Amino acid sequence: MVREGVRPLLVLASLAAMADAVAAPVGPDPVVGSIAMAVAAVVRAWTYAAAVVVLLVLRGRRAGSALSGLARSARRLPLLVGWLAVGVVATVAGLALLVLPGIWLLVVLTATLVAVVTIEGGSPLRCLRLVRGRWWATALRVLLAVGPVALWWAATGAAVAALPVHPVAAAVLTAVLAVPGYAVVAAFLAAAYVELRRREDPGYGPVPLPSVAPGAALPRPAGTPALDRTGPSPVLLGVGGGVLLAAALVAVLVVTTWPGPERAPAPPLAAVGPERPPATAAEVLSATYARSRLDRTGIYRADPGDLWEDVGYVGSRGEFALDGDSTSVHARLTDTGLSVRETIVVDDRRWIRSRYPEPVGHWVPCSIGDGSVYADACVYTVYQQDLADPVAVLMRAGRSATVVGSGAEVVDDVPATWFDVRLAADRAAADEPDPAWRTRFAESLLGAAPVRVWTGPDGRLLQLAFAAPSDNRVRYTGWGLTGPVLPPR
């Protein structure tokens with residue numbers, strides 16, 4: 001069936017590829033791009049329909065069979081385009097809602113819709129009846145025929161995209177390499193339809209060419225409507241349609257590439273002075289920092305968050321004491337699977353209590369980065385300082401902590417202002433002269449993701465959250481109500 005129609009099949013495939021080549025380099029205008037893509041889709045559907053007519057009705061008996069196929073299939077092109085649009089909407093809806101109905105429809109319509117509409121004038125319901133009981137076999141055929149073609153198109157498209165050529169030349173080269181794929185898809189549409197029709201009518205199929213005398217009228221397969229029974233000459237229709245199609249493609253190309261009338265250059269913008277750099281956390285949180293130093297003490301509770309586990313954070317609660325840039329904290333970690341159970345920091349001296357020191361449960365002094373047994377676990381003391389007193393870290397970072405957003409929100413019935421802050425911890429560490437603060441910046445939780453800070457109308461810190469779900473927050477209470485944090489006994 002396909003052997004006799006190779007030449008017209010390649011002609012039609014080239015036409016489809018040409019339409020895609022014209023639509024590809026259309027410019028950034030989304031309206032024009034959508035129109036070009038729609039025109040290319042209609043042309044592609046028309047060429048597939050014409051290929052089905054060539055293979056099942058005309059059988060490549062004449063040199064102009066590609067043109068005759070376009071002419072005969074043009075009579076049902078509006079119907080085909082309409083049903084294709086309905087099929088696309090139904091398939092997308094099926095994929096979006098339940099996935100499996102969409103896949104089922106995709107297989108049915110891909111394999112049969114073009115041929116059913118073109119040969120029978122049928123609808124998607126006819127496609128469903130035709131595939132009934134043969135869905136799995138049809139799905140396998142679709143996969144084996146269309147899958148390799150899709151891979152070929154992807155591979156050739158990627159290869160051409162890597163070449164240093166003009167976009168128009170790249171589109172043309174991609175189209176040329178895509179021609180075999182279009183021909184394979186067109187042949188599959190005809191073959192799949194014949195296989196399914198023969199289940200209903202074992203005698204259905206293209207008429208064998210040897211039985212047709214040269215110059216005799218062309219017999220039709222059983223059950224095939226006479227697409228060319230009446231109407232103008234198929235050759236004239238084909239020529240006219242080809243001319244109109246070429247004119248449409250040229251018009252799209254001209255519209256998308258025409259530079260338009262020259263315009264006078266826009267006047268320069270008025271000078272408004274140097275652009276103001278983004279606000280820093282030090283600017284917007286200065287009042288909160290000052291208020292926390294007046295209160296001196298407080299309580300925090302940090303909810304555990306899945307996202308934070310990647311940067312070493314677990315749930316904790318504790319008390320803190322503030323003195324200038326110094327943050328003392330006594331924290332109890334709530335993750336029972338973690339070896340570290342408690343941490344204390346007083347004047348940059350650090351202790352941990354965990355399951356491992358001997359004797360078990362005793363406080364052990366630790367230091368970060370000294371290579372000792374407890375150096376890694378000691379990092380949790382920095383994390384608790386960050387959670388207890390994030391404002392000091394962001395203030396100390398200076399220009400390395402920038403505000404990227406702000407707004408208003410009610411937190412626990414209190415009107416609050418929030419600020420989104422991004423900390424460049426590496427930059428802050430590089431600019432920091434104090435070795436202790438360099439260590440804190442290098443290990444800081446606040447540099448792992450943007451943070452949101454909420455402050456109340458009195459300037460007090462209310463909440464802190466990382467780039468995580470809103471229930472993963474650190475809450476601050478008990479300002480000025482707790483005692484000092486003392487070293488362990």
Side-chain angles (χ1 to χ4, degrees), residues 269 272-296 298-308 310-311 313 315-316 320 322 324-325 327 329 382-432 437 440-441 443-480:
L269 295 176
V272 294
E275 182 180 355
R276 189 180 187 278
T280 64
E283 296 172 357
V284 300
L285 296 178
S286 58
T288 302
Y289 178 82
R291 182 58 193 250
S292 67
R293 268 54 195 171
L294 288 175
D295 290 330
R296 297 185 64 85
I299 300 171
Y300 76 96
R301 185 181 76 254
D303 300 326
D306 293 338
L307 180 62
W308 296 350
D310 294 335
V311 292
Y313 171 75
S316 60
F320 56 86
L322 312 175
D325 280 347
T327 305
V329 59
V382 176
Y383 297 163
Q384 300 312 311
Q385 285 182 292
D386 286 349
L387 297 176
D389 190 18
V391 174
V393 179
L394 299 176
M395 290 284 293
R396 182 83 183 198
R399 63 192 180 94
S400 299
T402 55
V403 177
V404 295
S406 62
E409 185 178 343
V410 176
V411 177
D412 297 331
D413 298 326
V414 176
T417 303
W418 57 262
F419 302 96
D420 284 341
V421 182
R422 187 181 300 275
L423 171 63
D426 293 342
R427 178 181 173 187
D431 294 342
E432 177 57 54
W437 269 102
R440 285 197 59 179
F441 283 129
E443 303 293 344
S444 178
L445 277 176
L446 306 182
V451 296
R452 176 168 293 187
V453 178
W454 287 261
T455 61
D458 56 0
R460 286 191 171 110
L461 179 63
L462 297 178
Q463 284 189 152
L464 170 77
F466 290 71
S470 59
D471 57 340
N472 304 134
R473 300 190 179 189
V474 186
R475 295 168 173 82
Y476 302 88
T477 58
W479 288 102

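If you're wondering where the values come from, they're calculated on a predicted model, not measured in any experiment.
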Query - Listed partners of Glu432 passing side chain to side chain donor-acceptor pair (under 3.5 Å), at least two apart - result: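 For Glu432 the side chain to side chain donor-acceptor pair (under 3.5 Å) partners, ignoring immediate neighbours, are Arg396.
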Query - Counterpart residues, side chain to side chain donor-acceptor pair (under 3.5 Å), relative to Asp431 (two or more places apart) - result: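 With neighbours one apart ignored, the set is Arg399.
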Query raised in the report: Rounded to the nearest 0.5 Å, how far does CG of Leu445 lie from CD of Gln384?
Result: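 The distance works out to 8.0 Å.
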If you define the side chain from C-beta out and look only at heavy atoms, does anything of [X] sit under 4.5 Å from [Y]?
| X | Y | result |
| --- | --- | --- |
| Val421 | Pro390 | no |
| Leu387 | Ser316 | yes |
| Ser444 | Val393 | yes |
| Asp386 | Arg440 | yes |

Query raised in the report: Please, which pairs that meet side chain to side chain donor-acceptor pair (under 3.5 Å) have at least one residue in residues 410-419, sequence neighbours excluded?
Result: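 Side chain to side chain donor-acceptor pair (under 3.5 Å) check on residues 410-419 returns no pairs.
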Shortest non-hydrogen contact between [X] and [Y], atoms and distance:
| X | Y | value |
| --- | --- | --- |
| Met395 | Ala282 | SD-CA, 3.3 Å |
| Ala425 | Gly447 | CB-CA, 4.1 Å |
| Ala428 | Ala397 | CB-CB, 4.1 Å |
| Gly324 | Tyr289 | O-OH, 3.2 Å |
| Ala279 | Val284 | CB-CG1, 4.4 Å |

**Report entry** From CA spacing to verdict: side-chain contact (heavy atoms from CB on, under 4.5 Å), Leu285, Phe419
**Finding:** CA-CA 9 Å; Leu285 296 178; Phe419 302 96; 4.1 Å; yes
Query - Identified side-chain contact (heavy atoms from CB on, under 4.5 Å) partner of Trp479 from the options Arg296, Arg460, Arg291 - result: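 Looking at Arg296, Arg460, Arg291, the match for Trp479 under the side-chain contact (heavy atoms from CB on, under 4.5 Å) is Arg460.
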**Report entry** Leu462, Asp303, Ile299 screened by side-chain contact (heavy atoms from CB on, under 4.5 Å) with Arg475, the one that passes
**Finding:**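 That would be Asp303; it is the only one of Leu462, Asp303, Ile299 passing the side-chain contact (heavy atoms from CB on, under 4.5 Å) with Arg475.
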Query - Evaluation steps, side-chain contact (heavy atoms from CB on, under 4.5 Å), between Val391 and Thr455 - result: CA-CA 11 Å; Val391 174; Thr455 61; over 6 Å; no
Requested in this report: Would you check if there is a donor-acceptor pair between the side chains of Asp389 and Tyr476 at a distance under 3.5 Å?
Outcome: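 No donor-acceptor contact under 3.5 Å links the two side chains.
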Query raised in the report: Given the rule in the side-chain contact (heavy atoms from CB on, under 4.5 Å) test, do Leu423 and Val451 qualify, once you have shown the distances and angles that lead to the verdict?
Result: CA-CA 8 Å; Leu423 171 63; Val451 296; over 6 Å; no
Requested in this report: Measure the acute angle between the ring planes of Tyr300 and Phe320, then classify it against the limits of 30° and 60° as parallel, tilted or perpendicular.
Outcome: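 Tilted.
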Query raised in the report: Any ion pair linking Asp420 and Arg452 (charged N to carboxylate O, less than 4.0 Å)?
Result: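 Looking at Arg452 and Asp420, the cut-off is met.
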Query raised in the report: Distance-only, no hydrogens or angles: does the Gln463 side chain make a donor-acceptor pair with backbone N or O of Trp454 under 3.5 Å?
Result: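 Answer holds: no.
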